[in-house]
Visitor: 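One structure is given below, represented as structure tokens, and several questions about it will come after.
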Amino acid sequence: MNMAWKEMKKSKAKFIILGSIIFLVSFLTFIVSGLANGLSQDNAALIKDMPQGHFYMNTDAKQTYNLSQIDPKVQDQVLQENKDAAAFSIQMGFVNDAEEKQHTVAFVTSTDSPLFEKVGPGEIVLDRSLEKDGIKVGDVLTNNQFSGEFKVVKFVEQKKYSHAPVAYINMDNYKEIYRAKGLQLMFIPGQDTAPSITGLQSFSNNEFLNTISSYKAENMSLNMIIWFLIAISGLLFAIFFYMMNVQKIGLYGILKAIGVKTGTLFRMMWAQMFFITITALVLSVALSLGFNMIAPKGMPFSLTIEGTMLLSILFLVIGFIGATLSGLQIRKVEPLQAIQQGDM
Amino acid sequence: MTTFTIQDVTKSFTTGEVTEQVLNGINLSLKKGELTALVGASGSGKSTLLTIAAGLQRASNGQVQFEGSNMTAMTQEEIRKIRASKFGFVFQSAHLVPFLTVEDQLMLMLDVSESKMSKREQKEEVAKILKLVEMNHRKDAYPASLSGGEKQRVAIARAIIHKPKILFADEPTASLDSKRSRDVMTLIRDLTKTLNITTLMVTHDEEMLSYADHIITMKDGLIV
């Protein structure tokens with residue numbers, strides 16, 4: 001007999017309240033982690049969206065890419081030896097629109113590579129977020145350090161760096177603006193071990209992200225928020241399931257007295273825990289993804305399927321632990337004690 | 001025919017440094033189709049004896065023989081299996097499962113006793129027993145909507161649905177008024193005879209003794 005289902009059917013209100021709490025807690029966790037991931041993505045989508053590989057900067061730069069400058073001879077040699085490799089630079093700056101309104105951008109320039117936008121002299125490719133500021137394809141933008149003008153040729157999706165939209169420009173234009181003689185960084189995609197290059201230090205994608213001081217500090221805070229929330233939500237889950245089952249110790253004692261196996265009682269608890277948690281998680285994932293669609297355009301929000309799956313599995317495991325812990329109490333309950341406690 | 005024997009059973013409880021002797025060497029035999037009533041003052045040890053006999057707690061010494069096996073030497077799982085398939089219980093309170101209908105309470109007991117009946121046969125058996133205890137009209141009711149007497153009738157039906165060899169009843173009429181008590185006792189006596197069950201009942205109500213085939217009086221942990 002499916003006692004777990006029969007109890008839920010009879011005590012709908014109790015289980016709906018419990019399910020609602022689990023739903024609200026998991027929904028809160030999904031939304032906050034979506035916002036935190038969104039912020040993190042907003043800070044470094046340009047780097048995060050690159051394939052796995054190895055970044056290189058000058059050894060003398062002391063892990064600060066702004067201070068790095070790749071020797072042009074080394075750069076040429078690396079590009080020759082690694083066909084997929086690219087050299088690139090990132091610098092924060094401004095562009096002025098036709099109404100002389102300044103827009104903060106992260107200028108990016110690179111050698112010819114499918115990883116970066118190919119931009120001709122006097123052209124600029126912008127992140128789509130600038131479209132909302134009224135900039136259109138064909139508009140002319142200027143920069144105070146640049147003698148010429150930039151013509152907007154294209155918008156790209158989700159290319160952000162340091163919370164600013166990326167602006168891809170031609171290498172010659174970049175060198176003029178920043179009086180640069182070379183590029184700051186090199187990237188070789190898809191190799192397990194980083195090829196050793198004299199005078200250059202290699203970084204994995206994550207290591208490189210952590211050399212960006214603003215990203216590292218912000219990401220640490222965001223990760224702490226998420227993990228605290230997960231820990232507290234997890235504890236709440238475990239406590240709710242523990243309390244729900246401990247309240248029924250008298251009933252379990254009677255069932256044991258008439259001969260119900262302890263294993264049957266465990267299965268009943270687990271079935272209820274999985275049913276409530278999975279229903280609550282499905283609802284909160286659906287609502288979080290819905291929120292993703294209706295969230296204001298400027299609000300950074302990123303909730304990946306992998307992230308939601310990971311959190312969902314974590315909540316299921318924690319709920320299972322809570323239910324099992326209460327089951328251990330129930331295992332100890334003496335049928336006689338339950339009988340002597342009177343009617344339920 | 002003797003189906004159940006209790007030999008030299010003692011039981012003591014120790015709290016801190018104080019040891020209380022509750023049963024002082026009990027010998028008792030129960031026969032098929034007979035209702036035996038255990039009576040005695042509060043603290044005489046009658047309920048303790050019943051729970052030891054029912055395998056709900058263990059004796060300190062002595063043997064409980066059921067169908068030729070010594071229950072005191074069995075594991076918890078072996079005792080559980082006997083409780084589930086060979087014993088029936090009626091407690092002072094009905095102790096029904098609050099989220100199961102009257103019909104489901106009995107279906108659960110058939111599941112627990114690992115009945116080989118098909119679902120349809122189980123339903124038919126449930127209907128038959130509910131008719132026997134005159135509760136068929138309330139088969140879809142939940143315990144909360146039943147009166148005290150009705151709950152106890154369902155508890156009795158649950159205790160006998162799996163055709164137990166022994167029915168243990170601990171003050172089955174304690175929570176009922178006198179009319180309902182008489183009804184319940186008539187039911188227990190009739191079922192004992194009809195189904196040829198061995199029944200051991202604890203009661204403090206002298207009026208109920210008239211339903212018993214044997215009366216055993218206990219005092220200070222001994223049969224007197």
Visitor: Answer with side chain, backbone, both or neither: which region of B:Gln92 has an atom nearer than 4.5 Å to a non-hydrogen atom of chain A?
Guide: neither
Visitor: Please round to the nearest 0.5 Å and tell me the distance separating atom NZ of A:Lys261 and atom CG of B:Asp111.
Guide: 11.0 Å
Visitor: Answer with side chain, backbone, both or neither: which region of B:Glu114 has an atom nearer than 4.5 Å to a non-hydrogen atom of chain A?
Guide: side chain
Visitor: Is there a side chain to side chain contact (heavy atoms under 4.5 Å, CB included) between A:Leu255 and B:Leu108? Walk through the geometry before answering.
Guide: CA-CA 10 Å; A:Leu255 290 172; B:Leu108 168 68; 3.7 Å; yes
Visitor: Mind listing the closest non-hydrogen atom pair of B:Met109 and A:Ile258 along with its distance?
Guide: CE-O, 3.3 Å
Visitor: Search all heavy atoms of A:Ala257 against all heavy atoms of B:Phe91 and return the closest pair with its distance.
Guide: CB-CZ, 4.3 Å
Visitor: Only pairs at least two apart or in different chains count here, so list each side-chain hydrogen bond (donor to acceptor under 3.5 Å, both in side chains) that has a residue in residues 300-324 of chain A.
Guide: A:Trp270-A:Thr324
Visitor: For the NZ atom on A:Lys48, are there more than 12 heavy atoms of other groups (residues, nucleotides or ligands in this structure) within a distance under 6.0 Å?
Guide: yes
Visitor: Under 6.0 Å from the CD atom of B:Gln65, do we count more than 12 heavy atoms belonging to anything else shown?
Guide: yes
Visitor: Under 6.0 Å from the CZ atom of B:Phe13, do we count more than 12 heavy atoms belonging to anything else shown?
Guide: yes
Visitor: Can you establish whether the number of heavy atoms outside A:Met309 located under 6.0 Å from its atom CE is more than 12?
Guide: no
Visitor: Could you grab the distance from atom CD1 of A:Ile254 to atom NE2 of B:His95, nearest 0.5 Å is fine?
Guide: 4.0 Å
Visitor: Tell me, out of B:Ser113, B:Ser47, B:Ser85, B:Ala84, who's got the most heavy-atom pairs with chain A below 4.5 Å.
Guide: B:Ala84
Visitor: Take atom NZ of A:Lys132 as the centre, draw a 6.0 Å sphere, and report whether it contains more than 12 heavy atoms from other residues, nucleotides or ligands.
Guide: yes
Visitor: Sort B:Phe87 into side chain, backbone, both or neither according to what part of it lies under 4.5 angstrom from a heavy atom of chain A.
Guide: neither
Visitor: Quick check: are there more than 12 heavy atoms from other residues, nucleotides or ligands sitting under 6.0 Å from NZ of A:Lys14?
Guide: yes
Visitor: Can you tell me how far apart OG1 (B:Thr101) and NZ (A:Lys6) are? Round to the nearest 0.5 Å.
Guide: 6.5 Å
Visitor: Within a reach of under 6.0 Å around CG of B:Asp220, are more than 12 heavy atoms found that belong to other residues, nucleotides or ligands?
Guide: no
Visitor: Quick check on A:Arg331: does its CZ atom have over 12 non-hydrogen neighbours (other residues, nucleotides or ligands) under 6.0 Å away?
Guide: no
Visitor: Can you list the residues of residues 68-76 of chain B that sit under 4.5 Å from chain A, counting heavy atoms only?
Guide: none
Visitor: Please confirm whether the backbone N or O of A:Gly259 pairs with a side-chain atom of B:Arg80, one donor and one acceptor, at under 3.5 Å?
Guide: yes
Visitor: I need the residue from A:Lys10, A:Met8, A:Lys9 with the largest number of non-hydrogen atom pairs under 4.5 Å to chain B.
Guide: A:Lys10
Visitor: Rounded to the nearest 0.5 Å, how far apart are NZ of A:Lys248 and CZ of B:Phe99?
Guide: 6.5 Å
Visitor: In Å, rounded to the nearest 0.5 Å, how long is the span from CD of B:Glu77 to OG1 of A:Thr262?
Guide: 8.0 Å
